Amino acid sequence: MLTPPPAMVRKDTSDGVKAVLGPTNTGKTHLAIERLCAHSSGMIGFPLRLLAREVYDRVCKIKGESNVALITGEERIEPKHARYLLCTVEAMPVTDRQTAFVAIDEAQLGADRERGHVFTDRLLHARGREETMILGSSALEPMVKALIPGVEVITRPRFSTLSHVAPKKLSRVPPRSAIVAFSVEQVYALAEMLRRFRGGAAVVMGALSPQTRNAQVELYQSGEVDYLVATDAVGMGLNLDVQHVAFAGLAKYDGQRHRRLTSAEMAQIAGRAGRHQTDGTFGTLAGMHRGGRGGEEIEFEPEEVYAIEEHRFPPLTKLFWREPEPRFDSLDTLIADLETPPERPELRLAPEAIDLAVLKRLAEDPEIVDSVRGRSRVERFWDVCRLPDFRQQGTETHSRFVARLWQDLRHGELGADFVAQQIAHLDRTGGEIDTLQGRIAAIRSWAYIAQRPDWVLARDEMAARARAVEARLSDALHGKLTERFINRRTALLMKKLGPDTGLLSVRLEDEEVLVEGEHIGSLRGFAFQIDPQTRLTDRKLLLSAAEKHLPGLLEARAAELTKAIHEGTATLALAGTAITWDGEPLGALGAGRSLLAPVFVPDRLLDAIPAPARKDLVAALEVWLEKQLEPLAPLGKLDEASRSEEAGPDLRALLILLIERGGILAREQSGLEKLDKERRTMLARLGVRVGALDLFVPAMLRPRPISLWRELARLAGKAPRGSAPDETMPPALAADKRERLPGYRNLGKQLIRIDMAEKLLREAHTQREEAAKAPAEAGAVKDETPVENETAVTPAQDKPDTADVQTPANTAAPVGNAAADGPVKSSAEASAQDAPQTADAKRSKGKGKAKSKDRGRGRGPRPSFPLDPARAISMGLTPESYERLLRLGGFQPVEPRGKPTRDDTASEAPAEDDTTIPETVTAKTDDAQGPAPTQRWTWRPPRRQAPQQAPSKRPARPREGNAFAALADMVR
């Protein structure tokens, strides 16, 4: 027979004991804090470490940190002269009667299967010198009166009304609601669904560390999210601003069986709705079924609704109890005392808790039993067995951890290195939510171990390390929960999206659009782009929120751009036919009434700009576009002149052709010979240069005007020939594998810019004229070059038309890009353009006379002259390319005496792309004969193709004697 336990040292006195009872939201905890601060010292025991920490912070603000202590299983903050203690119920120093005030919160938990015996012990034995206060539900009143004779019972009414409402779908649950589930899987599923269409929810579970729970609760309390998903842990000690509580289930597993919640448990959770004077509601989630999808939908029974609304619950008839001061003579004695039933009828022996289960499990191990000998060893072993199972892994797993711990503690204290190693092993913030939760549970175990005064060397240091690791893991877990279950963008939008999206604060920072300070997208140019990381459901909400503010942002941006355009500071660009602003499209060029008059077509993105601002912006862009097209102004003058009546048909046709060819036209294709003197003068005044080979506008021999003209020609449906112009437009370019380049003439292996070609030809004619004026005796040897089919002409007749080749004095241009910018022709030069017809007539007349005079004499000689190629070589031309250019201009090389001659078959000027000119024939001598003589040239005007005469409309008369002739006479 077991020996009864010794008399308890605790005294069950009822002096000054008050029981403040009532439903949730009655201000019981607030009253206890007021009474604590009114005494010289005091202590309050709370059911949760989280609640103890919250009240500790409040009392510190009133009494100062040096006077307040926090004592929990995992954390101890004990200033030397602390007079106010905030504790968890298990950590309360019950036998210490030095405090004037003592309070026990949520004392009805004495009926809890796992922890009830601790609350019952504090209810019976925790007393203050001057005042003791027991806080709890009204259902505790019979037990308080039975266990504490003479207790003063104070019943407090609820500040607000709690009402039942019909079930609501999750998508219809109002903001500021808490959704309560009874499994981790269900909590995660509900939080994920709320994230999709409500921006997310804070998550509160019993498995979270207090710091993580605090951080999640703060998300909800601060209004960052409007929903809270929690287990039934939310019903204990958390004061939240909740207006509605929705139950996702009405049953839970209590450690032994799956059962329906009692009405008191339902009320404890539902009572979180409505704080202070604000009424609250509760109900269930529609679509939730008992036992799975095919079961009946969950719903409150009418009697349960009545009990919750009226706060009428069955009174507690029993509280759990376990011997608080067992004997430590042996393990058997210890177990027997812990299993001894209470003597009082109001108490009931507590079910086997995890600490007793571990004790009994390890007492079966002979090795451990042998190590637990003596009273002190038994007491120490019992303290180790009472290590809380933070990891919730069950008796078997927790027993192995306790056994391993005992192997070290039975010989003394744990080494600091060993504890530090175990803590460091858990100091890893990577992994998913479940992994982090497991690490937090493990570090809480080591935090509890480090707090024991006789278990760990360097206790304070190890405890601080454990708390620091727990804080880092809690932050990481909070971040993971927030990342997974909260979409801040959608949450911020949904706070005010329902009634009026205009209430949201939208601003633009460096092209980033912020709604209530949260990034939702970017404004590039005038295109609003939603953040690509946003889900499809969020995208709709973001667009809806931006609709009312985006026009204002676009209007302000358009006004700024319009001002910048007028000031000349806008970073606009004309890329092809597209007009861009910092790379973003604003519009494009469209075909207009003519090639040189395109229209501006605004991009569709500008349609979102309010009408007045859009009109101003389009007008500013049109002005800017006109300035960009100013390099084509010379062609614009030609276009305007082509519509003038004074131009006449021939000049009008020539001008139109020049415009369509970009201001560059080969002479043989121009029809220049059809123009009279007046029209040629007009052509000169329009800035058109008439050269030996080409007609061109000097200002168009630049990369920018050529590129603009090519884009406008392509826009007008006239595909420009050749490739894009060279960026530098040098005088000469290699022609290897090059397409035809605008502004250049092909010389076989090289290309020469047409103004440089004309300059070289003018220089050659100048040298020819100077050679002709030189005295015959000073002028070098007279070679007589036979010219077939022509009679000899006088030197005066060898001079080219002034209209064909202009004098260097009037048209000389510097070498390089500036050659295109030579001065416009003088009036004398313009009047000289009428000379071709007269010169041609004189030439024809001279030829006739020469033929009549020299008929029978055969061929006549032409004077030869030397040409200096230095200027051509300085431009980058090879001698072969220079000779090809001279041949195109009517110059012919002279064969040295004693060399066979060849017919001149290249006197006629070829077309611009003609590359079939014969190879250069140069004077060569053997080395034995000395250096080669200087190359000499002759010149004659290129042959002009005689216009074809139209065939006569009158048929030829048949020859006489023909039958058809007789027939013709008959019908005539």
Side-chain angles (χ1 to χ4, degrees), residues 5 7-21 28-29 31-49 51-53 55-56 59 68-73 76 78 82-112 114-137 140-154 236-237 316 319-326 342-344 346-347 350 353 386:
M8 294 183 292
V9 298
R10 294 170 170 82
K11 296 180 180 180
D12 298 344
T13 178
S14 59
D15 296 342
V17 177
K18 296 179 182 179
V20 182
L21 308 178
K28 300 186 295 292
T29 304
L31 175 63
I33 296 173
E34 286 184 342
R35 297 304 304 154
L36 171 77
C37 295
H39 288 275
S40 60
S41 62
M43 175 175 58
I44 304 179
F46 296 97
L48 298 173
R49 171 188 173 189
L51 189 56
R53 181 72 194 211
V55 176
Y56 167 78
V59 176
V68 185
L70 175 66
I71 304 175
T72 67
R76 301 178 74 92
E78 299 179 273
R83 296 182 292 116
Y84 301 95
L85 282 65
L86 291 312
C87 319
T88 52
V89 171
E90 287 84 353
M92 290 179 69
V94 181
T95 58
D96 186 359
R97 300 296 179 88
Q98 299 302 318
T99 57
F101 173 82
V102 170
I104 304 167
D105 195 18
E106 304 292 354
Q108 75 275 4
L109 287 180
D112 182 74
E114 183 70 24
R115 304 171 63 199
H117 62 90
V118 179
F119 282 85
T120 301
D121 177 66
R122 306 304 187 255
L123 176 70
L124 293 173
H125 307 300
R127 298 290 185 267
R129 294 194 317 268
E130 301 172 6
E131 183 179 4
T132 301
M133 186 174 289
I134 297 173
L135 313 175
S137 171
L140 184 64
E141 183 175 352
M143 300 306 300
V144 170
K145 290 181 177 180
L147 295 174
I148 308 175
V151 65
E152 180 184 357
V153 177
I154 302 173
M236 190 64 63
L316 295 176
L319 296 179
F320 290 112
W321 178 87
R322 191 176 73 180
E323 175 58 49
E325 294 182 347
E343 298 179 355
R344 303 186 65 166
E346 300 87 2
L347 305 179
R386 293 170 66 185

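These figures come from a predicted structure and were not determined experimentally. As a basis for the values below, the full set of heavy atoms in this structure was taken, side chains included, without hydrogen atoms, waters or symmetry mates.
Thr88 and Gly73 make their closest contact through OG1-N, 4.2 Å (heavy atoms, listed as atom of the first residue, atom of the second, distance). Residues Val89 and Gly45 share a closest heavy-atom pair of CG2-C, 3.8 Å. Minimum interatomic distance between Ala91 and Ile71 (heavy atoms only, all atoms of both residues): CB-O, 3.7 Å. The two atoms that bring Ala126 and Thr132 nearest to each other are O-CG2, 3.6 Å, heavy atoms only. Across all their heavy atoms, Ala353 and Arg322 have their closest contact at CB-NH1, 4.1 Å. Contact between Gln108 and Gly136 at its shortest, heavy atoms only, is OE1-CA, 3.1 Å.
Looking at Phe46 and Thr72, their side chains never come closer than 4.5 Å, going by heavy atoms from C-beta outward. The shortest side-chain heavy-atom distance between Arg127 and Ile148 falls under the 4.5 Å cut-off. Residues Met92 and Val102 have side chains in contact (heavy-atom distance under 4.5 Å, counting atoms from C-beta outward). Using a 4.5 Å cut-off on side-chain heavy atoms (C-beta onward), Glu346 and Leu319 make no contact. No side-chain heavy atom of Thr120 sits under 4.5 Å from any side-chain heavy atom of Pro342.
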Practice task
Might you work through the side-chain contact (heavy atoms from CB on, under 4.5 Å) test for Leu135 and Leu31, ending with a clear yes or no?
Solution key: CA-CA 10 Å; Leu135 313 175; Leu31 175 63; 5.8 Å; no
Handout entry: side-chain contact (heavy atoms from CB on, under 4.5 Å) between Val144 and Val17, worked out
Key = CA-CA 10 Å; Val144 170; Val17 177; over 6 Å; no
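Atom CZ in Phe320 sits 11.0 Å away from atom CD in Glu114 (nearest 0.5 Å). The structure places CD1 of Ile44 at 5.5 Å from CZ of Phe101, a figure rounded to the nearest 0.5 Å. From Arg115, atom CZ reaches atom CG of Leu109 across 6.5 Å, with rounding to the nearest 0.5 Å. Rounding to the nearest 0.5 Å gives a distance of 13.5 Å between CG of Leu124 and CZ of Phe119. Interatomic distance, CD of Glu130 versus CZ of Arg35, reported as 9.5 Å (0.5 Å rounding). Note that CZ of Arg49 and CG of Leu70 are 8.0 Å apart. Values are rounded to the nearest 0.5 Å.
Checking each of Leu140, Leu21, Val20 against Val153 for a side chain to side chain contact (heavy atoms under 4.5 Å, CB included) leaves exactly one that passes, namely Leu21.
No donor-acceptor pair closer than 3.5 Å links the side chain of Thr99 to the backbone N or O of Ser41.
No more than 12 heavy atoms of other residues, nucleotides or ligands shown are found within 6.0 angstrom of CD on Glu343.
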